[in-house]
Amino acid sequence: MYSEKVMEHFNNPRNVGVIENADGVGEVGNPVCGDVMKITIKVDGTDHIQDVKFQTLGCGAAIATSSIVTEMARGMTVQDAAKISKQQVADELGGLPPAKMHCSVLATDGLKVAVDDYLVKHGREPIAGPIKSSDPHFDPHAEEDEEHTHEEACDL
Amino acid sequence: MYSEKVMEHFNNPRNVGVIENADGVGEVGNPVCGDVMKITIKVDGTDHIQDVKFQTLGCGAAIATSSIVTEMARGMTVQDAAKISKQQVADELGGLPPAKMHCSVLATDGLKVAVDDYLVKHGREPIAGPIKSSDPHFDPHAEEDEEHTHEEACDL
Amino acid sequence: MMNGMDRTFYMDYAATTPVDPRVTEAMLPYLTEHFGNPNSLYTLGRDGYRALEAARERMASGIGAQPTEFVFTGCGTESDNEAVVCISQMVAERKNRRHLMVSAFEHHAVLHPAEWLAKNGFELTVLKPRKDGIIHAEDLQAVLREDTALVSVMAANNEIGTIQPLKDLADATHAVGAYFHTDAVQALGKIPFDVADLGVDAASFSAHKIYGPKGVGGLYLKKGTPFRPLLMGGGQEMKRRSGTQNVAGAVAFAKALELMLDEQDQEAVRLSALRDRIVDGVLNGIVNTRLNGGPPKLPGYANLIMLGCEGEAMLLQLDNKGIAVSTGSACSSGSLEPSHVLLSIGCPAEEAHGSLRVTLGRFTTDEDVDYFLEVLPPIVARLRSMNPLYERMYGAVK
Amino acid sequence: MMNGMDRTFYMDYAATTPVDPRVTEAMLPYLTEHFGNPNSLYTLGRDGYRALEAARERMASGIGAQPTEFVFTGCGTESDNEAVVCISQMVAERKNRRHLMVSAFEHHAVLHPAEWLAKNGFELTVLKPRKDGIIHAEDLQAVLREDTALVSVMAANNEIGTIQPLKDLADATHAVGAYFHTDAVQALGKIPFDVADLGVDAASFSAHKIYGPKGVGGLYLKKGTPFRPLLMGGGQEMKRRSGTQNVAGAVAFAKALELMLDEQDQEAVRLSALRDRIVDGVLNGIVNTRLNGGPPKLPGYANLIMLGCEGEAMLLQLDNKGIAVSTGSACSSGSLEPSHVLLSIGCPAEEAHGSLRVTLGRFTTDEDVDYFLEVLPPIVARLRSMNPLYERMYGAVK
Ligand SMILES: Cc1ncc(COP(=O)(O)O)c(C=O)c1O
Ligand SMILES: Cc1ncc(COP(=O)(O)O)c(C=O)c1O
């Protein structure tokens, strides 16, 4: 199911934790759907991400994508970091099962929100703008059609 | 499927053949349904069956029921022989599969026709009267409902 | 083994079971030497036929039925589909009843056919169990109708293990003239199950849950229950299920049931005790944990919630340690919704994501339980420490 | 052995086959050690999943399909039912086509579902093969309609072994916009069978005809073919066939197919030669005998008629000598009608009752054929001598 690299990051996630007095904080997801990610970044004077840490409640893919996205983002400018796509994250991990692609969205969304938080705090324009999964009232099921949801499960 | 006694009679049928100048001859069945039986009897002056022989085209049950019915009939009066029922034949053989009960009808019918033939030849009243399966134009499928026939088969 | 452990601590017996060596031994000759088609007339075929019919007799007597009331099928799912779809359709045809009632925590092998019927001429009521994970007869009575054709309530639930009051449910069903089916896939062999005592009209079974092979099922159909075959063809299984019979599978299923019944009483005691150790160990040893459902429950079944942990992550971490369990988390199934069973008993989604189903079985030992209770707490602690919401929602991680 | 022989001279490979020891060996670990549910996320489950998917790939590549186009089922009959019922119903729903065409000598696993559909909203045409036992494309063209939904013609017939011109039949079917299904249960592995070359939309398979276990089937569904699952539930097999997969069975089927394909060319030559010896031996050695159907025919298949003998009686006499064959006689099946296959090619009922199907396979030797040819003539002579009509119809018994 998961690639070796996903399992490696899941078993040994990098950059777990919270940066105290972070320059940017992003929190996305919803416990109702079982995925919550919080990312904190430290940014230097040239907009480069010096440090980045995450905390994630979620499945193997959620933790692995969080971990890899922190590795990818470290050293990047916030502008570049906000551009990391879900596909890049998945590729970096050697692929994700289709049903797990939304986990890499969570990871990139978390990073985007943290970057925007940093920019807005400094009175600058946000890059990504409102992110659905960062709204605490976000209903994860609103867009799913029933049929699909039902058919995915394989109860044993 | 078949009882041991059926197999024994099928493998070693008694009284196979044709009595020359028989006193009574019965032929029943139809090659279209795969079952034909011919029975010849020799009757003494006291209406007792002295000798009886059969020839049968048919399945294991057809041959076994023919064989046993000749054994049962030998020594009986023609009146008693004409009364042998399909159930008696089946019981004598230790039972028959339900789908094969019609074979014992063939055997008892054959005997009845032979007895009637003997009686009529001697100007006496027949006992059994017309027997459907002795009519060469008898259509074996006329009474079967389609559904039943179809469902019986187990093609492999 | 991929997880690098010498052995697997298998604790997912509700998902499937290894074939017992005694079962393998019983079935093997019917793959090789006695391979005849049981519908063939020659000796080799008749040998197969006799083995098949002997297996049918043993299955039937094991559930209190007549041999002619027991049909071998291709899996539990097939049996469920046959019961739900075919009985309902025939009752509708004969009695013009077109209402169905199934419980909300049925296996999808019952739920999906019921939903399909609801799109094809039937009206469907889905009845929620109460918080205890039981369908109570009075709740059923309240939704039964004059035109109810079939009620389907499982004998024991596959996720939380709760045992349903089948006799009362069947009685209530019969009181309105409807038929009663039960999915007994999980219950078979683990608790007393006698179709005559319970008064059910149809019941589904599966061999791979009781140390038999996968791909072998059974369907009890009480004499006179309206039915049409779902699989049409050669007319095997007394015209109720066509297809060359899996003689080896039938022999295996019968042997598997025999072993279950022989060992039922002592296993019930043993597995309940082991399960209680797990439950007590978790509830007392780890804060913010809960137990779902019951009593009464199948021996060896526990469904536990570790608040603030996600199930798939726990499952994979346990797998790293050689432990196999399952979870009702959404992530584990690739769907967005967590277990419909847990939701049906009122468990909130965010808690259901943290559920672990631990089901013990024939080869579970005391040491397995010790090991599980040793390995789980640090995994839970670690995952909670990574959960950004944990402190906010539940207080400091201990 | 009941027949008191040291060994069985098995000549009924079309009915079923023994599981090849190499197949048993391949499947056994998936009953015991690697018993995990392939839908489980832990190592043991993933091992099962990988084995299942590897088996699917091998099956698919063996028939020229993509792995996603191949579904494991519970038997050949299930596959046939799924193809006939579910494709037809979905085509009807989507394209409002409600006409079905099946050949008259299909297996009942195709005929009966088709007849059931005919009672449930469809119109059914049953097309007779010609005397050669072949459905000719022009005969099909003549009965195809604008509203034909599905055509089902078997790849090779199970009683007479005749091979059908699938490519032409599929082309003709597609020309009217209908879908084409073929029951390839008998053909698989015995002759080249490539779904892409043939252009079929769906095909049914069964493991027990190619030295795999009973109770394991396969269904090829070309990408895009309208379909709904017949067995609904957990959503296994890419949502097309629910039920915990029989991993051991799937592995066995794949191994069995691999062996068939490896040995196909040489076995085709060997079995055709053995079959020809049987056919020549019977036709030349026994008067009033006939051969049914073909060419072209599956290697190893012969359907012979001994005029003036009844099939079941022959079969049982041969069984006494340890020889296992089958017959199209009515008596053998408990029905009044002889084989619908033989009737469909114009064989009169009284002749069909005298048919013997001899099908050779992997373990048939030259000596088996010698033995058969030695044992059969006296049996035929004896039964003919007991037939009251024989002389009248065919002359003196020799
Ligand atoms: C042509 C054909 N189709 C279908 C089947 C049914 O396959 P199964 O016995 O696996 O259900 C058979 C054999 O019984 C067959 O010969
Ligand atoms: C309660 C219940 N019903 C039905 C099934 C389906 O059985 P099978 O996997 O044999 O199709 C299962 C298990 O998967 C189950 O737990």
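In this text, all values refer to a predicted model and were calculated from it rather than measured experimentally. The sequence lines fix the lettering, A, B, ..., with proteins before strands; numbering per chain opens at 1. Just so you know, these numbers use all the heavy atoms, side chains as well, and skip hydrogens, waters and symmetry mates.
Looking only at side-chain heavy atoms (C-beta outward), His208(D) and Asn246(C) stay at 4.5 Å or farther from each other. Side-chain atoms of Tyr371(D) and Lys321(D), non-hydrogen and from C-beta on, do get closer than 4.5 Å to each other. Proximity of His112(D) to Val84(D): side-chain heavy atoms (C-beta onward) are nowhere separated by under 4.5 Å.
In this structure, the portions of Ala324(D) lying under 4.5 Å from any heavy atom of chain C include both its backbone and its side chain. Heavy-atom distances place the backbone of Thr17(D), and not its side chain, under 4.5 Å from chain C. The part of Asn81(D) that comes within reach of chain C is its side chain, from C-beta onward, which places non-hydrogen atoms under 4.5 angstrom from that chain. Using a 4.5 Å cut-off between heavy atoms, Tyr211(D) makes no contact with chain C at all. Both the backbone and the side chain of Thr32(D) come within contact range of chain C, judged by heavy atoms closer than 4.5 Å. Within the 4.5 angstrom heavy-atom criterion, only backbone atoms of Val325(D) (N, CA, C, O) approach chain C. Residue contact with chain C, scored on non-hydrogen atoms closer than 4.5 Å, involves the side chain of Leu316(D) exclusively. Leu318(D) does not touch chain C: none of its heavy atoms, backbone or side chain, sits under 4.5 Å away. Neither the backbone nor the side chain of Glu82(D) comes within contact range of chain C; no heavy atoms are under 4.5 Å apart.
Put simply, of Asp20(C), Leu230(C), Thr24(C), the one with the most heavy-atom pairs under 4.5 Å next to chain D is Leu230(C). Chosen from Gly249(C), Gly36(C), Ala248(C), the residue pairing most often with chain D at heavy-atom distances under 4.5 Å is Gly36(C). Between chain C and the options Arg241(D), Lys214(D), Arg228(D), the largest number of non-hydrogen pairs under 4.5 Å is found for Lys214(D). For the options Met232(C), Glu78(C), Gln245(C), His34(C), heavy-atom pairs under 4.5 Å to chain D are most numerous at Met232(C). For the options Pro21(C), Ser242(C), Gly74(C), heavy-atom pairs under 4.5 Å to chain D are most numerous at Ser242(C). In terms of heavy-atom pairs under 4.5 angstrom with chain D, the leader among Val216(C), Leu231(C), Thr73(C) is Leu231(C).
Put simply, the side chain of Glu106(C) gets close to the backbone of Met154(C): a donor and an acceptor are under 3.5 Å apart. Checked by atom type and distance alone, the side chain of Ser79(D) pairs as donor or acceptor with a backbone atom of Gly218(D) at under 3.5 Å.
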Worked verdict on Glu237(C) versus Arg56(C) for salt bridge (Lys or Arg N to Asp or Glu O under 4.0 Å): CA-CA 10 Å; Glu237(C) 295 293 291; Arg56(C) 190 188 315 286; 2.7 Å; yes

Determine, step by step, whether Tyr42(D) and Asp12(C) satisfy the side-chain contact (heavy atoms from CB on, under 4.5 Å) criterion, reporting the C-alpha distance in whole Å, the side-chain angles of both residues, the deciding distance to 0.1 Å, and the verdict. CA-CA 10 Å; Tyr42(D) 41 75; Asp12(C) 200 15; 2.5 Å; yes

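Taking the six-membered ring where tryptophan is involved, the planes of Tyr10(D) and Tyr13(D) are perpendicular, since the angle between them exceeds 60° and thus also 30°.
A side-chain donor from one of Glu159(C) and Ser339(C) sits under 3.5 Å from a side-chain acceptor of the other.
Of the residues listed (Leu188(D), Val185(D), Thr359(D)), the one engaging Lys209(D) in a side chain to side chain contact (heavy atoms under 4.5 Å, CB included) is Val185(D), and it is the only one.
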